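Report on one structure; see the data block that follows.
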Amino acid sequence: MYRRKNQRIIISTYNHNDLHFAVGFSENEKIVRISLPKKNLEEAVSEISNYHPKFSISDKYKDTVIEIATMYTGKPVNFNMDLLDMEISAEYEHETSTINTSFERQVILKVAKIQYGNIKTYKDIAKSINTHAYRAVGTAIGKNPFPIVVPCHRVVRSDGAVGGFRGGTEMKIKMLINEGLKLESGRIDIE
DNA sequence: GATTGACGCCGAG
DNA sequence: CTCGGCGTCAATC
């Protein structure tokens with residue numbers, strides 16, 4: 001197992017309506033991490049560089065970042081999931097916010113399958129991998145290195161409340177509404 | 001072990 | 001309806 005911690009990555013960024021997006025790419029041109037939009041460029045970049053301290057900024061992958069920004073605004077995009085580096089297990093001493101265990105990988109893979117405009121509950125995800133560890137599912141989703149592309153915003157609580165989100169509940173609600181989902185007094189209709 | 005969760009369920013007000 | 005409390009279990013301390 002090689003040490004990804006020493007791998008040099010390229011970070012491409014894009015500014016859309018005063019929101020800064022940043023995405024990190026490995027040497028084999030795969031996405032290692034995506035930052036949710038931030039008000040400051042530095043903030044967005046450090047979301048990535050915190051995990052990959054050796055990096056350089058480049059426009060090389062700007063088109064991909066634009067695609068991700070487009071998805072964020074709620075437009076359907078046929079994104080190539082093969083671009084994601086699903087093997088990432090950063091061997092950092094303190095960083096825990098990566099998919100390191102098989103449990104976390106299973107969760108992320110299930111979430112990745114949720115289609116545009118659809119939602120699933122944390123319970124649904126738990127059932128699909130045969131566990132009752134609902135809370136652990138939430139924790140694993142909270143570590144999602146590929147927000148927006150792996151649509152963790154489409155996972156809500158089974159009582160219809162939207163649930164937590166790393167970028168804040170407000171952002172999660174916005175993203176769901178932008179995809180055409182309807183909320184009634186802060187809750188989503190679970191069929 | 002003990003504690004901590006982006007949760008779920010039920011029962012009491 | 002809200003809320004507290006307990007169930008459950010993976011990860012972390």
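In what follows, every chain begins at residue 1, and chains take the letters A, B, ... in the order their sequences are listed. All values reported here derive from a predicted model rather than from experimental measurement.
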**OP:** Name the pairing partner of B:dA6, where a pair is Watson-Crick or G-U wobble with both distances under 3.5 Å, or state none.
**Re:** none
Original post:
A:Leu36 has an atom CG; how far is it from atom P of B:dA6, in whole Å?
Top reply: 15 Å
Original post:
Do A:Glu27 and A:Arg8 meet the salt-bridge criterion of a basic N to acidic O distance under 4.0 Å?
Top reply: no
Original post:
Taking OP1 and OP2 of C:dT12, is either one under 4.0 Å from a side-chain nitrogen or oxygen of A:Lys143?
Top reply: yes
Original post:
From the list B:dG5, B:dA6, B:dG8, which nucleotide is the closest neighbour of the side chain of A:Lys123?
Top reply: B:dG8
Original post:
Given atom CG of A:Asn130 and atom C1' of C:dT8, what is their separation to the nearest angstrom?
Top reply: 15 Å
Original post:
Taking side chain as C-beta onward, heavy atoms only, is A:Val23 less than 4.5 Å from A:Ser12?
Top reply: no
Original post:
Could you give the CD-to-C1' distance, from A:Glu104 to C:dT12, as a whole number of Å?
Top reply: 11 Å
Subject >> Interatomic distance, A:Arg157 CZ vs B:dC9 C1' [rounded to whole Å] >> reply: 11 Å
**OP:** Calculate the interatomic distance between A:Lys127 atom NZ and B:dC9 atom C1'; express it in whole Å.
**Re:** 14 Å
Original post:
Just wondering, do A:His52 and A:Val32 contact through their side chains at under 4.5 Å, heavy atoms?
Top reply: yes
**OP:** Measure the distance from CD1 on A:Ile125 to C1' on C:dA10 and round it to the nearest whole Å.
**Re:** 16 Å
Subject >> Given DNA chain C, 5'-ward residue of the pair A:Tyr134 and A:Phe103, judged by closest heavy atom >> reply: A:Tyr134
**OP:** For C:dC9, take OP1 and OP2 only and decide whether either is under 4.0 Å from a side-chain N or O of A:Thr131.
**Re:** no
**OP:** Could you state the atom-to-atom distance from NZ of A:Lys110 to P of C:dA10 in whole Å?
**Re:** 17 Å
Original post:
Hey, does the side chain of A:Lys75 reach the backbone of A:Glu179 with a donor-acceptor pair shorter than 3.5 angstrom?
Top reply: no
Subject >> Nearest-neighbour nucleotide for the A:Tyr122 side chain, B:dA6, B:dG5, B:dC9 considered >> reply: B:dA6
Original post:
Counting distance only, does the side-chain N/O of A:Lys120 pair as donor-acceptor with the main-chain N or O of A:Val156 below 3.5 Å?
Top reply: no
**OP:** Among the candidates B:dG8, C:dA11, C:dC9, find the nucleotide nearest to the side-chain atoms of A:Thr101.
**Re:** C:dA11
**OP:** Specify the separation, in whole Å, of atom CD1 of A:Ile141 and atom P of C:dA11.
**Re:** 14 Å
Original post:
Applying a 3.5 Å limit to both distances, which nucleotide forms a Watson-Crick or G-U wobble pair with C:dT8?
Top reply: none
**OP:** Report the nucleotide, chosen from B:dC9, C:dT8, B:dA6, that has the shortest atom-to-atom distance to any side-chain atom of A:His132.
**Re:** C:dT8
